[in-house]
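Everything below concerns the one structure shown next.
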Amino acid sequence: MQYQFNEIEAKWQKYWAENKTFQAINHSEKPKYYVLDMFPYPSGAGLHVGHPLGYIASDIYSRYKRHKGFNVLHPQGYDSFGLPAEQYAIQTGQHPALTTEENIKTYRRQLDQIGFSFDWSREVRTSDPSYYKWTQWIFIQLFESWYNNDSNKAEEISTLINIFTLEGNANVNAVCDDNIDPFTAEDWNNFSSKKQQEILLQYRLTYLAETEVNWCPALGTVLANDEIINGVSERGGHSVIRKKMTQWSMRISAYAERLLQGLDSIDWNDSLKESQKNWIGKSVGASVTFNVLPNVVAERSRSEHDVISTTLNHQIEVFTTRPDTIFGVSFMTLAPEHELVSQIVTDEQKAEVEAYILATSKRSERDRMADVKTISGAFTGAYAEHPFSKEPIPIWIGDYVLAGYGTGAVMSVPCGDQRDYDFAKHFSIPIPNIFEGVDITEEAYASKDNVVIANSDFLSGLNYKKASKLAIYELEKLGQGEGKTNYRLRDAVFSRQRYWGEPFPVYYVNGMPQMIDKAHLPIRLPGVEKYLPTETGEPPLGRADVWAWDTKQCSVVSNQLIDNETVFPLELNTMPGWAGSSWYFFRYMDAQNNLDFASEEALKYWENVDLYIGGSEHATGHLLYSRFWVKFMKDRGFVGIEEPFKKLINQGMILGTSAFAYRLSYMFANPKEEEKTNAKLLKKLENIYISHSEFSSKGDLKSNKLYLKELKVKLAKIAGLQDADALENLMIVPLPIHVKVQYVNASDELDIEGLKKDGEFGEDYKSAIFIGEKGEIIEGDNDVYKVGREVEKMSKSKYNVVNPDSICEQYGADSLRLYEMFLGPLEQYKPWNTAGITGVHGFLKKLWKLYVGENGLNVNDTEPTKDNLKTLHKTIKKVEEDIENFSFNTSVSTFMIAVNELTAQKCTSKQVLEPLLVLLSPYAPHIAEELYNKLGHNESISTAEFPIFDASHLVESSKNYPISFNGKMRFTLELPMDMSKEDIEATVMAHEKTQEQLQGRTPKKVIIVPGKIVNIVG
RNA sequence: GCUGAAGUGGUGGAAUUGGUAGACACGUUGGACUUAAAAUCCAAUGUCCAUUAGGACGUACGGGUUCAAGUCCCGUCUUCAGUACCA
């Protein structure tokens, strides 16, 4: 009986679905284990073989945990809001909900055929109103909260209002906007309702603020950095400028310290933690306030600076990690967008500064960060006053300072910071040296270690630590600074000017945002006739006709009814992709709940995700935002946990192996003329491809004269010429062209006939001529054409996409699962090459043959031999260790070795072959179920217990010692394990091969590591 | 630029705490079976030298530590990813 994988797999997938084999229950005697994959976005292209990699790994782990006696929650769902569906809607006019539904269907079909043990009864979709109802609800909770630094947690906003009513804001220690004016209780109680709302907005965890965005006037929309290529929009190539816009923000900065500290309590890999640490970017230093001198001062001589003392208009606040270098400041640099710039710029400098600001607004933030070679800036004409020396310091603007980072201003210390140094050099600004015995003629000295401050008044002679402390102390005395801890982490923009996202449960009264009561959620996405921004640049929701809130009826009504009395306009932005994905792991615990986002019992039982598998590209987005929301929800008592993901594994990406055919292209030394005269000739040579080794083995076409000559003779023949003379001056360049990988076999040979029949490109190759490996023009099978290979990202445009459907059809899901694992370590990037799958497929056939012979089952009750047991137990040991270490690739090899050995041993013992199936079942569940069933079981193999390792079967009595000389292995020697060091040395030294190696020399030293190695030195 | 990751045969990769480099596969070559193909099975396969025995070299590159380095240390190069509105 043959291994009929298609039948077997369909049978068991049906069985699992019908018997709800993998449905998790919310209460159990067994310990719980929660395995989660990162939320997939259902793209229109469907799955390619790269996508299931992480799902296969998590599925193996889930199935393993079930064998180990755990109640496993392993759900799946869709992050179904997003840009691609919207883009498609813009192009086709189809509602994104429809295309999303279609895409999900495809995804589900593809996932099902791979045989995952998901509990589909808990599926969630972020775009489903019954789901985003709760996303809206969480948003409202954030709005109704503030962060109290004294209790170090988020509290309900009512507690803040209480304080304001009783004592004003003087003693409030909150994370809030900068520059909040102080007020008393009396002030508060006398403020208008609008004023009160404005003030509260400065404290709320989600708030409206002006934020810089990439605005594309031509498209009338905001673009992600991602959508901007070389400063223009990816779509259409329109120019993009930086623009300020009022948007919802999330006060994630309130949680900076907790997000940082929390990393110590979770089992994530170090590089991921490092990424988050750097993203949060904690730095300890000081904030320093510089007074800006009135304009007149600029014209005064330096000696008169003491005259001015009274009317100081403006202040510049900077943050520095090096307060010790404050005497090294020789200029200030503001971000061009800094609000002070327009106020302090002098008339003479105005034109230059404005031109510079305009130029900067066209550069993206990433551009400005990455480009350190081009130094640019402009002098404002204004001066600040040094807090200690009272010297005037010129104020510049420069695009290396970013408005969104810190205060958007820096005190520039060129001797201690390379970028300040380069800027100073470029604009001939003095570079005072404040380090003792350090040469700064070539570059800045940025190290904090081993520095002694010099030329710095009261700081001279001190080291970094002492000088910093003293500088802060003196600044505090002056009231011009204080010690401060700064975080790079910025508050997260939460508005998107898009259609396909969660609508905000927000309407506006008198310009102030109001939350819609929980009872009326969800606020559903309205219909629009077009998914583009409006002509006036409003988001797509600006096109909705029924998008106003009636406060009396508590429902969404027509815009025409807006009277700003009882009917008000609704928010036009929608929420970003990370809104729905920041809490979905809770919804899986209790996905059908209509009363709550999840019941208390479910939350308490499942706690947090024990194992989370996904890509490292989420390191600083999703993984930080969800940690933030979970901490917030914990503070407000909605959940009981502080961290959502206990253990996290980043799977690497599977890359494509692209295939290239090489089309000959031609150039003449004198192109204009010769191309004309030879146009006819070239036409005949238009569509010729040469095989990969045809040129690579012979080197570069242009330089190898002999080969070129040969080729030209061939070309002459094709063109119907007598000889190759006419091609004398022709330069030939092989141009690599992507060909679809499905037409290439395991030996890199191109299926020319298939290619010519291709529905999409067949026509292009109809008249093509292929020159094969032996240099012959291919007609029939006289020669073969080999493609070139290159590893690239798997993508449609590179024609290297491999679809799991065709793999499942041809080799089966079990082969796909095994091969994905066999490719290499889970966390590593590795190329996919379908050719190799025959290896694992062959293994499954061998496995089948081990159990099922031509005349039925090969398994019986024979007692296992010593060798049988040894093979089994070393496999148990290795596979268990591998799964625990997420080293799935090595398990697959282990299975191969086990089957090879048991086949050679002609093993038929059920005592050995049955446990082997359980070991294999997480990896190749269908074949394992089928064979387990054949062994006489009526229950699913997923209920079987994981085999227990018995070390006694692996005890060895002897060891094949490698005998090395000066570290080089020369021969091996079989010696008993229990032999003493002395005896080993004596036996080895007496051995004839040792004598041969030494050739009479006496060794200086003999190193013996029992059970490991013998090394003879000398 | 900054931050993170990775470089081992023709290819994917393996190698507990430093202890026989290349397991397991793919590919290639040769052979068996077959009218033939497919499937299956057997053998060889890091590079170079040598008829054999054997030897030299070899884990991106350059140094170092050690009896012994793919593994540890210092420096360099290359590739990939993230870089705040792709998800």
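Residue numbering restarts at 1 for every chain, and letters A, B, ... go by the order of the sequence lines. No hydrogens, no waters, no symmetry mates; every other heavy atom, side chains included, goes into these values. Please read all numbers here as calculations on a predicted model, not as lab measurements.
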**Request:** Whole angstrom is fine here: how far is it from CG in A/Asp270 over to C1' in B/U3?
**Result:** 15 Å

**Item:** Among B/U20, B/C67, B/G13, the nucleotide that comes nearest once only the side chain of A/Asn1015 is considered
**Value:** B/C67

**Item:** Nearest-Å distance for atom pair NZ/P, residues A/Lys878 and B/A23
**Value:** 15 Å

**Message:** Side-chain N or O of A/Gln828 versus OP1/OP2 of B/G13: is the shortest distance under 4.0 Å?
**Reply:** yes

**Prompt:** Are side-chain N/O atoms of A/Thr890 and A/Ser887 paired as donor and acceptor at under 3.5 Å?
**Reply:** yes

**Request:** Ignoring backbone atoms, test whether A/Asn650 places a side-chain nitrogen or oxygen under 4.0 Å from the OP1 or OP2 oxygen of B/A5.
**Result:** no

**Item:** Test item: side-chain donor near acceptor, A/Thr135 and A/Trp583, under 3.5 Å
**Value:** yes

**Message:** Applying a 4.0 Å non-hydrogen cut-off, can you work out what A/Gln497 is touching in the nucleic acid: base, sugar-phosphate, or nothing?
**Reply:** base

**Prompt:** Just checking A/Trp279: base, sugar-phosphate only, or nothing, at a heavy-atom cut-off of under 4.0 Å?
**Reply:** base

**Message:** Closest approach to the side chain of A/Arg488, judged atom by atom: which nucleotide of B/A84, B/G4, B/C67 is it?
**Reply:** B/A84

**Message:** When the C1' atoms of B/G58 and B/G9 are compared, how many Å lie between them, rounded to an integer?
**Reply:** 10 Å

**Message:** What's the closest nucleotide to the side chain of A/Ser893 if the choices are B/U20, B/C24, B/A87?
**Reply:** B/C24

**Request:** Would you kindly compare A/Lys968 and A/Glu827 by the position of their nearest RNA chain B nucleotide and give the one closer to the 5′ end?
**Result:** A/Glu827

**Prompt:** In whole angstrom, what separates A/Phe494's CZ from B/A84's P?
**Reply:** 19 Å

**Message:** Rounded to whole Å, how long is the line connecting atom CZ of A/Arg970 with atom P of B/A53?
**Reply:** 15 Å

**Prompt:** Which is true for A/Pro40 with a 4.0 Å heavy-atom rule: it touches a base, it touches only sugar-phosphate, or it touches nothing?
**Reply:** nothing

**Message:** Check A/Glu86 with A/Arg498, please: is the shortest side-chain N to carboxylate O separation under 4.0 Å?
**Reply:** no

**Request:** Can you figure out which of B/G27, B/C24, B/U20 approaches the side chain of A/Met896 most closely?
**Result:** B/C24

**Polar side chain donor-acceptor pair, A/Asn269 to A/Ser271, under 3.5 angstrom** = yes

**Message:** Can you confirm if the NZ or CZ of A/Arg627 lies within 45° of the ring axis of A/Trp268 and under 6.0 Å from the centre of its six-membered ring?
**Reply:** yes

**Among B/A6, B/C57, B/A21, the one nearest A/Met969 by side-chain distance** = B/A21

**Request:** Using a heavy-atom cut-off of under 4.0 Å over every strand shown, decide if A/Val840 touches base, sugar-phosphate, or nothing.
**Result:** nothing

**Request:** Using whole Å, report how far NZ of A/Lys1012 lies from P of B/U16.
**Result:** 10 Å

